[in-house]
Colleague: 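Questions regarding the structure given below will be posed in turn.
Residue numbering restarts at 1 for every chain, and letters A, B, ... go by the order of the sequence lines.
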Number of protein chains: 2
Amino acid sequence: MIRHVAIIGAGLIGASWAALFLSKGLRVTVCDPAQTALDKLAPFITAAWQDLAQLDDIAAAPPFDRLHVTQEIAAASLGADMVQECGPDRIAIKRQIVAQIETSLAPGAIIASSTSSLMASDIQDGAKHPERILVAHPMNPPHLVPLVELVAGRATDPEKVDTLRAFYDSIGRVTVVVQKERVGHLANRLTSALYREAVSLVAEGVATVADVDRAIAHGPGLRWAFMGPHLTYHLGGGAGGYRHYLDHLGPTQVARWADQTAPELTPDLIETLVAGIEAATEGESTADLARRRDAALVALAKLKRTLGA
Amino acid sequence: MIRHVAIIGAGLIGASWAALFLSKGLRVTVCDPAQTALDKLAPFITAAWQDLAQLDDIAAAPPFDRLHVTQEIAAASLGADMVQECGPDRIAIKRQIVAQIETSLAPGAIIASSTSSLMASDIQDGAKHPERILVAHPMNPPHLVPLVELVAGRATDPEKVDTLRAFYDSIGRVTVVVQKERVGHLANRLTSALYREAVSLVAEGVATVADVDRAIAHGPGLRWAFMGPHLTYHLGGGAGGYRHYLDHLGPTQVARWADQTAPELTPDLIETLVAGIEAATEGESTADLARRRDAALVALAKLKRTLGA
């Protein structure tokens, strides 16, 4: 049973995990070498709590008695059933963090890395207990987006994957076990693919940044909140389903793939993208935009629950 | 003023346009050479009406007195202010349809093609009045997905683009004017790019069809219902916004793009995809799945209205 989670790193991801774990009744210890990061933790959790309270029957105020903070990794890991590692995404730092966790972590406990760009096999390399290390990658913000991607490394014990999957499932996450280690795991490979064409269309003058984003949010993005691309094209095949679609329209996809190339991310293109997003957001701050995003995610989560979707 | 629309083709797209236009108070004439297609029109509109009634204050039953059907294109076009062309996506057929429309259409009226794969410049080639021909491409189903992509051809009068944009805007559509003619316009290029990686991940054994779709619908797809990829990464840059993101994490995107390739759509892969969607949908029919999709789209449209998103 996982009842006490240590979180290494109090950035946006670590703080969001902390809010989620607290809302699910867990004991949480957060570690960050920077006191300034730890100081921001309580205000972040208090703000996130308003959103979480709309989704779960939880206490009016965050249970700060179940939250502890420390600047020492070894102190944080002592007594934890699981470590949710959220440090900087650089392999040398990850290995240092793992080494410090292992000085105090109980042998049966699990180390789950939130890394978006590194591989579990590389992180566990050189560890004392590599079999208990794996990737558990969330999407931002983890307390509102349910997906958690689990990826085992070469040395990971499959039982640890099962244990962790059951844990995340039990706290309302949607888990996917990725079968092979790849840069970007699963979801970020998909977002990158979409982003490549989103940038390319701007680079080639086909559409503005604002229009590309409008097209997604009032077009295909509406369906993607409920169904992935495979199911979308299954329905595109009508009564004949996916086979009919692939047999008849598969070649049009192949033709479009051949017509798409990766843009070169030049300084000029970066200026165009930045100017484009400034025009699209009309000076609204990222903090305000993020608040609106979170409000939308909460409302959508409630809606999906009603629909059983 | 566009008050009377002729729709050429009574397939899924044409029928959906008809339901939408009727709900917005327009007079609609639908033409299809196949009487069987015309026979399915009223039942389709009656079913769609239940969804539309949740979004607009409309009469309890569809106003079939404003709907006319015919098997003759010239008869349909007579007196129409605009023709929404929804015929088969083959250039020779499109040109034949245009020629027949032009035998009766008033000179000032507009011909808007719903084509997803052809170019306005090719469709208008050889027409008597090429300047009034353009692409107005919806996403399926048009009565529930608001995006309409407008694309002018070489000979299109820009004033016709403005007129049509104002028309679609006036009936609650979200219009985007695509600046250059490209295969797939804007939205289908973006969906194709995502789909390429969705297929590739299955082809390479990284994940199942079901898990790819789950990852989207419980991960990034949630955000895309409200914001496009540019804005998503703008928020990924925190207080520093899009410039910070591009300067610091742009290279990780470029690296992911380099790591992604187009899969070969072999017969074996098609079998894997079909088996994968069968496992994912557990025998639910495409008709039932489409009904659930439409119910979700209606609920989401209402939610977005509440949020002003």
Side-chain angles (χ1 to χ4, degrees), chain A residues 139 146-147 174 176 179-180 182-184 186-187 189-198 206-207 209 211-222 224-231 234-235 241-243 246 250 253-254 256-257 259 262 265 270 274 277 286 290 296 299-300 303 307 309, chain B residues 139 146-147 174 176 179-180 182-184 186-187 189-198 205-207 209 211-222 224-231 234-235 241-243 246 250 254 256-257 259 262 265 270 274 277 286 290 296 299-300 303 307 309:
Chain A
M139 300 296 288
L147 178 68
V174 174
V176 164
Q179 301 298 320
K180 284 183 186 172
R182 300 294 304 273
V183 181
L186 193 62
R189 289 184 73 83
L190 292 160
T191 59
S192 266
L194 180 68
Y195 186 55
R196 188 184 93 149
E197 185 61 17
V206 178
V209 164
D211 277 352
V212 168
D213 275 6
R214 274 158 53 87
I216 291 294
H218 298 280
L222 303 174
W224 290 330
F226 300 96
M227 52 173 67
H230 291 291
L231 183 52
H234 179 50
L235 298 190
Y242 210 12
R243 186 181 300 279
L246 288 165
Q253 290 284 352
V254 173
R256 267 183 240 152
W257 296 340
D259 193 49
L265 201 56
I270 289 179
V274 170
I277 206 73
T286 53
L300 182 56
L303 174 63
L307 295 170
Chain B
M139 301 297 285
L147 178 68
V174 174
V176 164
Q179 300 298 320
K180 283 183 187 173
R182 300 293 303 273
V183 181
L186 192 62
R189 290 184 73 84
L190 292 160
T191 60
S192 266
L194 180 69
Y195 185 55
R196 189 184 92 148
E197 186 61 16
V206 179
V209 164
D211 277 352
V212 168
D213 275 7
R214 274 159 53 87
I216 291 292
H218 299 279
L222 302 173
W224 291 330
F226 300 97
M227 52 174 66
H230 291 292
L231 183 53
H234 178 50
L235 298 190
Y242 210 11
R243 185 181 302 278
L246 288 165
V254 173
R256 269 184 239 151
W257 297 341
D259 192 48
L265 202 56
I270 289 179
V274 171
I277 205 75
T286 52
L300 181 57
L303 174 64
L307 295 170

Colleague: B:Thr286 and A:Tyr242: side-chain contact (heavy atoms from CB on, under 4.5 Å), yes or no, with the steps?
Modeller: CA-CA 9 Å; B:Thr286 52; A:Tyr242 210 12; over 6 Å; no
Colleague: Heavy atoms only: give me the nearest B:Arg182-A:Asp259 pair and the separation to one decimal.
Modeller: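 That closest heavy-atom pairing would be NH2-OD2, 3.6 Å.
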Colleague: Just so I understand: if I count every heavy-atom pair under 4.5 Å between each of B:Ala193, B:Gly219, B:Ala215, B:Ser192 and chain A, which residue has the most?
Modeller: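 Highest number of heavy-atom pairs under 4.5 Å: B:Ser192.
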Colleague: For B:Ala309, is it the side chain, the backbone, both, or neither that has a heavy atom closer than 4.5 Å to a heavy atom of chain A?
Modeller: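 Backbone only.
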Colleague: Distance from A:Glu197 atom CD to B:Arg196 atom CZ, nearest 0.5 Å?
Modeller: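 With rounding to 0.5 Å, CD (A:Glu197) is 9.5 Å from CZ (B:Arg196).
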Colleague: Go through A:Ile270, A:Leu265, A:Val183, A:Leu190 and name the one with the most non-hydrogen pairs under 4.5 angstrom from chain B.
Modeller: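 Highest number of pairs under 4.5 Å: A:Leu190.
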Colleague: Rounded to the nearest 0.5 Å, what separation is found between the CG atom of B:Leu300 and the CG atom of A:Leu303?
Modeller: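 Interatomic distance, B:Leu300 CG to A:Leu303 CG, rounded to 0.5 Å: 6.5 Å.
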Colleague: Chain B: which of A:Gln179, A:His234, A:Arg189 shares the most heavy-atom pairs with it under 4.5 Å?
Modeller: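 Result: the option with the highest number of such pairs is A:Arg189.
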Colleague: Which atoms of A:Val206 come close to chain B, meaning under 4.5 Å heavy atom to heavy atom: side chain ones, backbone ones, both, or neither?
Modeller: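 Looking at A:Val206, backbone and side chain both touch chain B.
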Colleague: For the residue pair A:Val209 and B:His230, establish whether any side-chain heavy-atom pair is separated by less than 4.5 Å.
Modeller: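 Result yes, sub-4.5 Å side-chain heavy-atom pair found.
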Colleague: Between B:Val274 and chain A, with a heavy-atom cut-off of 4.5 Å, which part of the residue counts as in contact: side chain, backbone, both or neither?
Modeller: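 The answer is both parts of B:Val274.
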Colleague: Is there side-chain contact between A:Thr191 and B:Trp224, with at least one heavy-atom pair below 4.5 Å?
Modeller: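 Yes, at least one pair of side-chain atoms sits under 4.5 Å.
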Colleague: Evaluate the side-chain proximity of B:Pro220 to A:Leu194: yes if any heavy-atom separation is below 4.5 Å, no if none is.
Modeller: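 Not in contact.
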Colleague: What's the spacing between A:Leu222 CG and B:Phe226 CZ if we round to 0.5 Å?
Modeller: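 Reported to 0.5 Å precision, the distance equals 8.5 Å.
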Colleague: How many angstroms lie between CG in A:Leu186 and CG in B:Asp211, if you round to the nearest 0.5 Å?
Modeller: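 It comes to 7.5 Å.
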Colleague: Could you check whether any side-chain N or O of A:Asp213 sits under 3.5 Å from a backbone N or O of B:Met227, counting only pairs where one atom can act as donor and the other as acceptor?
Modeller: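 Side chain of A:Asp213 to backbone of B:Met227: no pair is present.
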Colleague: So which of B:Gly205, B:Gly250, B:Ala217 has the largest heavy-atom pair count under 4.5 angstrom toward chain A?
Modeller: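 It is B:Ala217.
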Colleague: How long is the span from the CG atom in A:Leu147 to the NE2 atom in B:His218, to the nearest 0.5 Å?
Modeller: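 Here the interatomic distance stands at 8.5 Å.
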